[in-house]
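Note sheet for the following structure.
Starting from 1, each residue takes its place in the sequence as its number.
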Amino acid sequence: MQPSPRRSETILACEGLRRSFGDLVAVDGVGFHIAAGETYGLLGPNGAGKTTTISMVCGLLARDAGEVLLEGRPLDTRTIAVKASIGYVPQELALYPDLTGLENLRFFGKLYGLAGHELESRVDEVLEVIDLTERAGDRVEHYSGGMQRRLNIGLGLLNRPSLLVLDEPTVGVDPQSRNAILSSVERFREQGLAVLYTTHYMEEAERLCDRVGIIDHGRLRAEGTRRELVAMVGERDRVGLSATGELEAAEAAVRALSGVDDVSRHEGGLDVVAREAHRVLPAVLAAVAGAGGHVTSVEIAEPNLEAVFLHLTGRALRE
């Protein structure tokens, strides 16, 4: 791998990205930047606009409005030379199952213009990075799901990109393979790559990302470091109440309590944001019961990105 660039060097800058499909506005005014050695996470549920956003960032999808700069150079669907600095790893596996892992890497390396000793050297480097050297001669159809995902990531590294784009790279893999993929992404950051990482798994964003953008219904609701985002809910606790009955009245009753900062109602109950959840919980339960609600379970969560997402969107991440 190449030496790490200075982290202050901006690799990707995009602003005002917008894309509609008929009457559906899939992405509406999204903008962010990523520095060398930084992992930026786009966090949101399925259908939030993550894949549409990165498709515009990579120049795969024409945008209705906005600007994308890669290392200071404008990028769109026609700028082929600029795209050569991107390694794109899509959700869907882009592999030939009847070829070996080695043959897949050689084939895609040739598409990048690599040949001879340079090609073989780069393929060997990538196999080591994705920990598939010992299985390089096996056909991909005999790989586990996690191994196929790692090989898929390897294809995106062949051209020594300055920006690596990973779109939901751990979907459908077992926990061991998932951890191996996350460990690889951590190493990419250390090696100076700018990484754009989309996920709807909160724990992945917590572990990997230097900064996170929370996207929902095509809009970037907030972005920042984990600490900056958590500060938006004031380092407060979240109490999830599964409940039935008169939830509208229960919401109003709980909102009026001292120590309760916010309440949101959903079909299965209430979510309460409070400064000291354990102290106010008895009063919350009494207020719900007094308003005609029936609590079936209680869950208290410390401040994290899930609480931020709920605060910004009024729903849990995976709804």
N-O pairing of [X] and [Y] below 4.0 Å:
{"X": "R265", "Y": "D271", "value": "no"}
{"X": "E120", "Y": "R106", "value": "yes"}
{"X": "R238", "Y": "E299", "value": "no"}
{"X": "D28", "Y": "R19", "value": "no"}
{"X": "E125", "Y": "R122", "value": "yes"}
{"X": "R226", "Y": "E206", "value": "yes"}
{"X": "E168", "Y": "R149", "value": "no"}

Side chain to side chain, [X] and [Y], heavy atoms closer than 4.5 Å:
{"X": "L166", "Y": "Y88", "answer": "no"}
{"X": "L69", "Y": "L75", "answer": "no"}
{"X": "L257", "Y": "V284", "answer": "yes"}
{"X": "V140", "Y": "D98", "answer": "no"}
{"X": "D210", "Y": "T225", "answer": "no"}
{"X": "I181", "Y": "S184", "answer": "no"}
{"X": "F108", "Y": "L114", "answer": "no"}
{"X": "L220", "Y": "I214", "answer": "no"}

Check: [Y] main-chain N/O paired with [X] side-chain donor or acceptor under 3.5 Å:
{"X": "R219", "Y": "G29", "value": "no"}
{"X": "D64", "Y": "S20", "value": "yes"}
{"X": "Q91", "Y": "P169", "value": "no"}
{"X": "T52", "Y": "G49", "value": "no"}
{"X": "R63", "Y": "V57", "value": "no"}
{"X": "N159", "Y": "A84", "value": "yes"}
{"X": "K83", "Y": "T77", "value": "yes"}
{"X": "K50", "Y": "L43", "value": "no"}
{"X": "N152", "Y": "V89", "value": "no"}
{"X": "T79", "Y": "V82", "value": "no"}

Does [atom1] belonging to [X] count more than 12 external heavy atoms closer than 6.0 Å?
{"X": "L111", "atom1": "CG", "answer": "yes"}
{"X": "E186", "atom1": "CD", "answer": "yes"}
{"X": "E248", "atom1": "CD", "answer": "no"}

When clusters are formed by joining ILVMFWY residues with side-chain heavy atoms under 4.5 Å apart, either directly or through shared neighbours, do [X] and [Y] land in the same one?
{"X": "L151", "Y": "V171", "value": "no"}
{"X": "L99", "Y": "L127", "value": "yes"}
{"X": "I130", "Y": "L182", "value": "yes"}
{"X": "F32", "Y": "V68", "value": "yes"}
{"X": "V239", "Y": "L305", "value": "no"}

Please report the shortest heavy-atom distance between [X] and [Y], naming the atom on each side.
{"X": "V165", "Y": "C58", "answer": "CG2-SG, 3.8 Å"}
{"X": "Y40", "Y": "H33", "answer": "CD1-O, 3.9 Å"}
{"X": "L163", "Y": "L193", "answer": "N-CD2, 4.4 Å"}
{"X": "P161", "Y": "G156", "answer": "CG-O, 3.4 Å"}
{"X": "A243", "Y": "V295", "answer": "CB-CA, 4.1 Å"}
{"X": "R135", "Y": "Y143", "answer": "O-OH, 2.6 Å"}

Determine, step by step, whether V263 and V273 satisfy the side-chain contact (heavy atoms from CB on, under 4.5 Å) criterion, reporting the C-alpha distance in whole Å, the side-chain angles of both residues, the deciding distance to 0.1 Å, and the verdict.
-> CA-CA 6 Å; V263 185; V273 177; over 6 Å; no

Residue pair R139, N104: steps toward the side chain to side chain donor-acceptor pair (under 3.5 Å) verdict | CA-CA 9 Å; R139 287 160 63 124; N104 269 277; over 6 Å; no

Just do the side-chain contact (heavy atoms from CB on, under 4.5 Å) check on I215 and R221 with the steps written out, would you?
-> CA-CA 6 Å; I215 188 170; R221 304 293 179 174; over 6 Å; no

With no hydrogens and no angle check, do the side chains of [X] and [Y] hold a donor and an acceptor under 3.5 Å apart?
{"X": "S177", "Y": "D174", "result": "yes"}
{"X": "T100", "Y": "D138", "result": "no"}
{"X": "R73", "Y": "S85", "result": "yes"}
{"X": "S183", "Y": "R207", "result": "yes"}

Just verifying a value: how many Å separate [X] [atom1] and [Y] [atom2], rounded to the nearest 0.5 Å?
{"X": "I11", "Y": "E71", "atom1": "CD1", "atom2": "CD", "value": "4.5 Å"}
{"X": "L42", "Y": "I54", "atom1": "CG", "atom2": "CD1", "value": "8.0 Å"}
{"X": "R189", "Y": "L208", "atom1": "CZ", "atom2": "CG", "value": "6.5 Å"}
{"X": "I34", "Y": "T39", "atom1": "CD1", "atom2": "OG1", "value": "8.5 Å"}
{"X": "E141", "Y": "Q148", "atom1": "CD", "atom2": "CD", "value": "9.5 Å"}
{"X": "L270", "Y": "S264", "atom1": "CG", "atom2": "OG", "value": "7.5 Å"}

Output all residues satisfying ring pair (Phe, Tyr, Trp, His ring centres under 6.0 Å) with Y96, sequence neighbours left out; order by chain, then residue number.
->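 With sequence neighbours excluded, Y96 shows a ring pair (Phe, Tyr, Trp, His ring centres under 6.0 Å) to F107, given in chain and number order.
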
Output, in order, the C-alpha distance, side-chain angles, deciding distance and verdict of side-chain contact (heavy atoms from CB on, under 4.5 Å) for T170 and E204.
-> CA-CA 9 Å; T170 64; E204 292 185 3; 2.4 Å; yes

Among L61, T198, L196, V30, whose side chain to side chain contact (heavy atoms under 4.5 Å, CB included) with T53 holds?
-> V30

Are R178 and Y201 in a cation-pi contact, defined as NZ or CZ under 6.0 Å from the six-membered ring centre and within 45° of the axis?
->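 Cation-pi check for R178 and Y201: passes.
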
